[in-house]
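Working notes, structure below.
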Amino acid sequence: MSTATVQEHVETSASGKAGIEMMTITVRIRRYNPEVDAAPHWVDYQVTADPTARILDSLHKIKWEQDGSLTFRRSCAHGVCGSDAMRINGKNRLACKALVKDLNPTKPITVEPIQGLPVLKDLVVDMEPFFQAYRDVKPFLIAHGNEPTRERIQSQKDRDRFDDTTKCILCAACTTSCPVFWADGQYFGPAAIVNAHRFIFDSRDDGANERLEILNDREGVWRCRTTFNCTEACPRGIQITQAIAEVKRALITRRVI
Amino acid sequence: MTDNTENTENAVGTKSTEPVERHSYDVVVIGAGGAGLRAAIEARHAGKRVAVISKSLFGKAHTVMAEGGAAAAMGNVNPKDNWQVHFRDTMRGGKFLNHFRMAELHAKEAPDRIWELETWGALFDRTKEGKISQRNFGGHEYPRLAHVGDRTGLELIRTLQQRVVALQQEDKASTGDYEANLRVFAETTIVRLLKDASGRIAGAVGYYRETGQFVVFEAPAVIMATGGIGRSYTVTSNSWEYTGDGHALALLAGAALVNMEFVQFHPTGMVWPPSVKGILVTESVRGDGGVLRNSEGKRFMFDYVPDVFRKQYAETEEEADRWYDDQENNRRPPELLPRDEVARSINSEVKAGRGTPNGGVFLDVSTRLPAEEIRRRLPSMYHQFKELADVDITAQPMEVGPTCHYVMGGIEVDPDTQGTVVPGLYAAGECSGGMHGSNRLGGNSLSDLLVFGRRAGLHAAEYIDGLGTAGKPAVAAADVDAALEEALAPLANADGENPYTLHHELQVTMNTLVGIIRKPEEVSEALTKLEEFKPRRTKVGAAGGRRFNPGWHVALDLRNMLIVSECVAKAALEREESRGGHTRDDHPAMSSKWRQINLICSLNEDGSGIDLKHQPIPTIRPDLLGLFEVSELQKYFTDEELTVLGDSAEPVAEAKPAGEAKPAAEPEVKSEPATESKAEAKSEPEAKPEAKTEPAPIPGQSNGEKAADTAADKVAEKSTEKSATAEAEEQTAQAEAEAQTEDAETAAEEK
Ligand SMILES: Cc1cc2nc3c(=O)[nH]c(=O)nc-3n(C[C@H](O)[C@H](O)[C@H](O)COP(=O)(O)OP(=O)(O)OC[C@H]3O[C@@H](n4cnc5c(N)ncnc54)[C@H](O)[C@@H]3O)c2cc1C
Ligand code: SF4
Ligand code: FES
């Protein structure tokens with residue numbers, strides 16, 4: 001091909017600089033097809049992988065080359081859309097951000113659906129209960145009084161106050177790593193609280209009390225046992241436990257600062 | 001999930017034994033990205049019952065990936081910014097192939113759309129005064145991109161999603177049903193549009209990804225908002241959704257695609273490690289000070305500033321560096337040239353052997369900003385490189401190279417209404433064409449989604465009102481049957497070819513043969529291959545049943561990818577010039593004659609392939625032309641095109657600040673899509689002109705720095721009062737006249 005594109009050079013030198021050594025790994029996937037399987041079961045797949053590749057790449061390879069029916073969600077492939085949270089080696093992560101080399105590839109790498117939501121097929125779960133909890137906290141700006149003709153003024157400081165919780169990609173890694181949620185699917189779960197926090201602490205919002213009342217519910221913030229699983233699981237590095245603590249404090253003091 | 005089994009009977013009266021769920025709406029929006037959601041919200045505001053359909057989960061559409069920001073001339077950071085400047089930048093970026101009216105509406109309405117988003121709760125970075133902050137981006141004269149760190153798309157989608165949830169809760173309060181007026185059908189793929197006997201849109205048919213069951217939507221108006229086509233290329237920044245469905249569905253339904261040869265390769269994608277090749281490195285890195293260097297450490301972009309841009313870009317590193325602090329007295333760094341220029345330059349450097357070990361160039365911000373500042377301004381990039389490439393961008397340069405990013409070509413629409421030639425069919429966002437000409441400026445897509453998403457929703461609603469009660473189009477059962485049969489074929493074909501194999505071959509074909517630099521013999525080879533792929537496509541198989549079967553889904557997407565690829569390749573072979581996102585190895589220059597031509601793809605008679613025809617480009621209104629220096633226009637236009645300017649192109653004072661320049665109420669004209677001009681356009685221009693003569697200077701024209709804003713303003717006020725239909729007719733007449741005098745003139749060319 002005479003159109004020398006950047007791509008060709010990559011092809012010829014990929015093994016050059018970085019000295020990527022391909023290796024064979026075993027990916028052990030929890031598979032379930034309700035049309036034919038009575039129950040979920042583990043299946044092992046051998047794939048060649050470059051250690052810098054992500055688990056998502058291995059899943060694709062399996063799907064393309066070994067079993068075209070392997071089902072999982074993914075979209076953006078770099079951690080922005082929140083489609084591919086999975087339980088990988090026992091921890092919730094995004095498949096598109098979990099690198100093979102960080103997962104002890106000498107042993108089988110286990111991949112299973114996130115827990116606490118109904119499995120629809122293979123690694124795909126029904127996200128509806130998760131989204132319902134999100135919708136229940138009124139995740140939209142509630143502002144009374146006059147609409148501005150252009151924009152509301154907000155200082156960088158006020159905006160920074162809730163910056164952390166605006167980073168959420170609704171991947172459900174936190175909620176489905178929470179033992180309280182596993183035990184009681186009615187619990188709002190960390191993601192819903194994070195998204196309530198995003199508005200409660202927004203200086204432009206007037207709906208804090210409404211939302212705090214919702215979270216004061218039996219299934220609300222008070223069920224949180226501060227196990228920190230959620231904070232560890234969050235691929236966006238959101239300080240979830242802290243956000244929950246801030247909501248609890250606001251409920252006690254009835255002050256939003 | 002969305003199973004609403006109350007009408008899973010075969011209620012449409014089809015012959016097929018398949019159970020088909022049926023729904024009836026006023027407006028069906030296909031796509032839940034920025035354009036689709038904005039359209040749906042507008043149609044719902046207009047009192048219509050709306051369904052939004054999306055291949056992915058709600059809130060996860062491709063738009064979440066946008067990083068840099070949304071361009072709108074609010075003038076918050078530099079008060080000199082206004083719609084005229086934004087319009088100029090957009091036309092320059094698109095090399096004057098943009099539909100001027102879309103570029104005009106976009107520049108005028110973008111600020112209102114951003115402010116509106118803010119009042120709906122969107123988070124933005126702020127200026128010292130607490131206003132929405134704006135950042136620099138390639139091709140934009142002033143800091144113009146409203147942004148949230150480098151996750152602007154996420155915030156845009158989230159805000160629109162929140163707005164939808166808010167409207168649903170309002171509906172719940174008033175009707176008892178959340179989904180009474182606005183319902184999202186997530187993980188649902190549309191496979192065909194449906195029309196009634198008279199050719200009007202009547203609905204769409206698709207399947208639920210979860211169950212594999214079919215669903216028919218009956219609706220008099222359908223809005224396409226399906227995004228782009230990047231998944232037909234190997235190296236791309238695009239998500240899996242980008243299989244060109246909307247382009248293909250519209251084409252199959254009788255709509256036309258315009259200028260499909262223009263595909264934007266973003267200059268900076270990751271090149272290493274291999275598994276992340278193509279993932280985007282946002283332009284904000286350069287906007288915030290990052291520079292490009294080759295393996296010899298040279299800032300090579302200074303060697304690649306084309307003549308047309310020479311005046312606006314710095315000639316020395318010193319001047320370029322001063323620009324970040326003092327934009328009044330210095331010109332911008334060449335790293336911020338429009339994307340097509342930067343992508344081609346990187347390509348040339350690598351080809352000349354000055355690339356990095358992994359075949360890219362270096363993008364360095366580590367020596368330009370303090371580490372703390374980099375982490376604050378570019379947090380996603382910092383993490384992306386740390387986690388995926390083990391590179392600390394505060395200490396090391398990144399390695400980057402071009403990646404397939406955006407398609408400028410798309411469904412041909414009326415610039416005011418977003419309507420297509422098919423009554424009831426609208427299109428907005430990346431799947432529509434015209435707005436960005438031959439090359440899109442960064443940041444102009446997010447604003448495009450909001451401006452034209454809103455317009456599509458509004459005009460679809462008006463179209464329905466115009467139908468009255470009697471005239472609702474009916475779905476034909478036979479069409480539904482045909483769609484189901486087509487969709488079920490791969491399942492019956494369990495031993496057929498692996499669809500992924502064909503998909504991969506298609507990607508390699510497009511990437512290597514119809515990539516950044518196009519050679520006619522290679523593009524022809526690609527077309528031959530595409531013909532070979534067509535019969536193979538009908539024989540691919542997908543084992544594994546109906547439920548969430550990704551192999552089946554790809555088998556169906558392949559039809560769309562093949563159609564779109566054929567359009568890109570055919571148009572790329574036809575256009576014998578280099579402009580924006582289309583570079584021809586054998587015609588490296590831009591041609592003023594080709595600037596007058598839009599290439600239009602439509603389905604051929606027996607439905608087996610694509611017909612391509614030339615169509616004159618709408619003539620830019622003189623008041624808008626008057627916004628440019630004549631010396632600049634001479635680089636793009638033929639002399640006779642410029643004679644209309646007369647003496648209105650006097651140099652005048654500074655541009656007005658944004659506040660005063662707010663447009664008077666826009667006439668909401670309901671002109672039909674460009675049918676008239678299409679009918680006239682069958683004749684091909686006889687000669688494919690490649691005149692090499694220098695442009696003759698136009699006497700009496702000034703070369704002053706500033707464009708003729710005030711003079712132009714007066715004309716603008718007058719001419720916007722005219723109906724767009726009258727305008728369109730005028731343009732057609734003009735275009736025809738020009739086509740006839742072709743041979744008489746010389747063409748200006750760019751080196
Ligand atoms: C990495 C990246 C960064 C970017 N950064 C910027 C930026 O900073 N600024 C900017 O202005 N632009 C940016 N862009 C471009 C911009 O993000 C896109 O052009 C824009 O988001 C497209 O939006 P859309 O509404 O047209 O479509 P999308 O957001 O892509 O939505 C398409 C929708 O259509 C649905 N769909 C598709 N086919 C079907 C079907 N057959 N049936 C049902 N549903 C279907 C999809 O599921 C999806 O919901 C960036 C692009 C990328 C890839
Ligand atoms: S808080 Fe973090 S883990 Fe939880 S849904 Fe949001 S991004 Fe995912
Ligand atoms: S695929 Fe989008 S987050 Fe992983």
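Order of the sequence lines fixes the chain letters, A, B, ..., with proteins taken first and strands second; residue numbering starts at 1 for each chain.
- Between chain A and the options B:Asn549, B:Leu280, B:Thr403, B:Ile279, the largest number of non-hydrogen pairs under 4.5 Å is found for B:Ile279.
- Summarising the geometry of A:Val80 relative to B:Val64, their closest heavy-atom pair is CG1-O, 3.5 Å, with the distance given to 0.1 Å.
- More than 12 heavy-atom neighbours from other residues, nucleotides or ligands sit within 6.0 angstrom of NZ on A:Lys101.
- In this structure, B:Gln161 and A:Phe140 have side chains that are not in contact, with every pair of non-hydrogen atoms separated by 4.5 Å or more.
- The closest donor-acceptor contact from the side chain of B:Lys60 to the backbone of A:Cys76 lies at 3.5 Å or more, if one exists at all.
- Heavy atoms closer than 4.5 Å to chain A are found in the backbone of B:Phe58, but not in its side chain.
- Counting heavy atoms from C-beta outward, A:Trp64 and B:Thr501 have side chains that stay 4.5 Å or more apart.
- The contact between B:Arg547 and chain A is made by backbone and side chain atoms together, counting heavy-atom distances below 4.5 Å.
- In terms of heavy-atom pairs under 4.5 angstrom with chain B, the leader among A:Ala49, A:Ser75, A:Gly68, A:Ser155 is A:Ser75.
- Annotation for A:Leu120 and B:Glu210: closest pair CD2-OE2, 3.4 Å, computed over non-hydrogen atoms.
- With chain B as the partner, the residue from A:Met127, A:Arg54, A:His60, A:Glu65 showing the most heavy-atom pairs under 4.5 Å is A:Arg54.
- Across A:Ser69 and B:Ala543, no two heavy atoms sit closer than the pair CB-O, 4.3 Å.
- Using a 4.5 Å heavy-atom cutoff, the side chains of A:His78 and B:Val276 are not in contact.
- Counting heavy-atom pairs closer than 4.5 Å to chain A, the top residue among B:Ser239, B:Gly278, B:Gly153 is B:Ser239.
- The closest side-chain heavy-atom distance from A:Asp50 to B:Pro274 is below 4.5 Å.
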task: Carefully, step by step, assess B:Arg151 and A:Arg236 under the rule side chain to side chain contact (heavy atoms under 4.5 Å, CB included).
output: CA-CA 12 Å; B:Arg151 56 174 197 280; A:Arg236 305 282 287 177; 3.7 Å; yes

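- The backbone N or O of B:Phe548 lies less than 3.5 Å from a partner atom in the side chain of A:Thr71, making a donor-acceptor pair.
- Residue contact with chain B, scored on non-hydrogen atoms closer than 4.5 Å, involves the backbone and the side chain of A:Lys63 alike.
- Across B:Ala122, B:Gly551, B:Ala61, the residue that shares the most heavy-atom pairs under 4.5 angstrom with chain A is B:Ala122.
- In terms of heavy-atom pairs under 4.5 angstrom with chain B, the leader among A:Gly82, A:Ala77, A:Pro148 is A:Gly82.
- Annotation: side chain of A:Glu151 is in contact with side chain of B:Asn76 (closest heavy-atom distance under 4.5 Å).
- Of the possible polar contacts, one joining the B:Gln169 side chain to the A:Arg135 backbone as a donor-acceptor pair under 3.5 Å is found.
- Taking the ring-ring contact (aromatic ring centres under 6.0 Å, His included) definition, one finds that B:Tyr242 meets it with B:His62, sequence neighbours left out.
- In this structure, A:Lys121 NZ and B:Thr211 OG1 are separated by 12.0 Å, a value rounded to the nearest 0.5 Å.
- Annotation: side chain of A:Pro139 is in contact with side chain of B:Val165 (closest heavy-atom distance under 4.5 Å).
- A:Asp158 does not touch chain B: none of its heavy atoms, backbone or side chain, sits under 4.5 Å away.
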field: Candidate pair B:Thr119 and A:Arg152, rule side chain to side chain contact (heavy atoms under 4.5 Å, CB included), full reasoning
entry: CA-CA 7 Å; B:Thr119 65; A:Arg152 292 190 176 77; 3.7 Å; yes

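- Residue B:Ala542: no heavy atom, backbone or side chain, is found under 4.5 Å from chain A.
- The parts of B:Ala166 that come within reach of chain A are both its backbone and its side chain, each placing non-hydrogen atoms under 4.5 angstrom from that chain.
- When heavy atoms are compared at a cutoff of 4.5 Å, A:Phe131 approaches chain B solely by way of its side chain, counted from C-beta outward.
- Of the options A:Arg150, A:Arg159, A:Arg204, a salt bridge (charged side-chain N to carboxylate O under 4.0 Å, His left out) to B:Glu118 is made by A:Arg204 and by none of the others.
- In this structure, the separation between CG on A:Leu99 and CD on B:Glu387 is 8.0 Å, given to the nearest 0.5 Å.
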message: Evaluate A:Ile153 against B:Arg126 for side chain to side chain contact (heavy atoms under 4.5 Å, CB included), listing each step before the verdict.
response: CA-CA 9 Å; A:Ile153 300 299; B:Arg126 299 284 174 160; 5.6 Å; no

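- Proximity to chain B (any heavy atom under 4.5 Å) is shown, for A:Leu170, by both the backbone and the side chain.
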field: From CA spacing to verdict: side chain to side chain contact (heavy atoms under 4.5 Å, CB included), A:Thr52, B:Leu388
entry: CA-CA 7 Å; A:Thr52 64; B:Leu388 299 179; over 6 Å; no

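- Residue contact with chain A, scored on non-hydrogen atoms closer than 4.5 Å, involves the side chain of B:Asn498 exclusively.
- In terms of heavy-atom pairs under 4.5 Å with chain A, the best-connected choice from B:Glu116, B:Lys128, B:Arg163, B:Arg158 is B:Arg158.
- Looking only at side-chain heavy atoms (C-beta outward), A:Ile169 and B:Leu154 come within less than 4.5 Å of each other.
- Looking at B:Ile132, the atoms closer than 4.5 Å to chain A (heavy atoms on both sides) sit in the backbone and in the side chain alike.
- Remark: B:Glu187 engages A:Arg73 in a salt bridge, criterion side-chain N to carboxylate O under 4.0 Å.
- No part of B:Arg209 comes within reach of chain A, as not one of its non-hydrogen atoms sits under 4.5 angstrom from that chain.
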- request: Give the C-alpha distance, both sets of side-chain angles, the deciding distance and a yes or no for side-chain hydrogen bond (donor to acceptor under 3.5 Å, both in side chains) between A:Asp57 and B:Ser275.
  value: CA-CA 7 Å; A:Asp57 303 310; B:Ser275 72; 3.3 Å; yes

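- In this structure, the portion of B:Glu67 lying under 4.5 Å from any heavy atom of chain A is its side chain and not its backbone.
- In this structure, A:Arg74 and B:Trp240 have side chains that are in contact, with non-hydrogen atoms separated by less than 4.5 Å.
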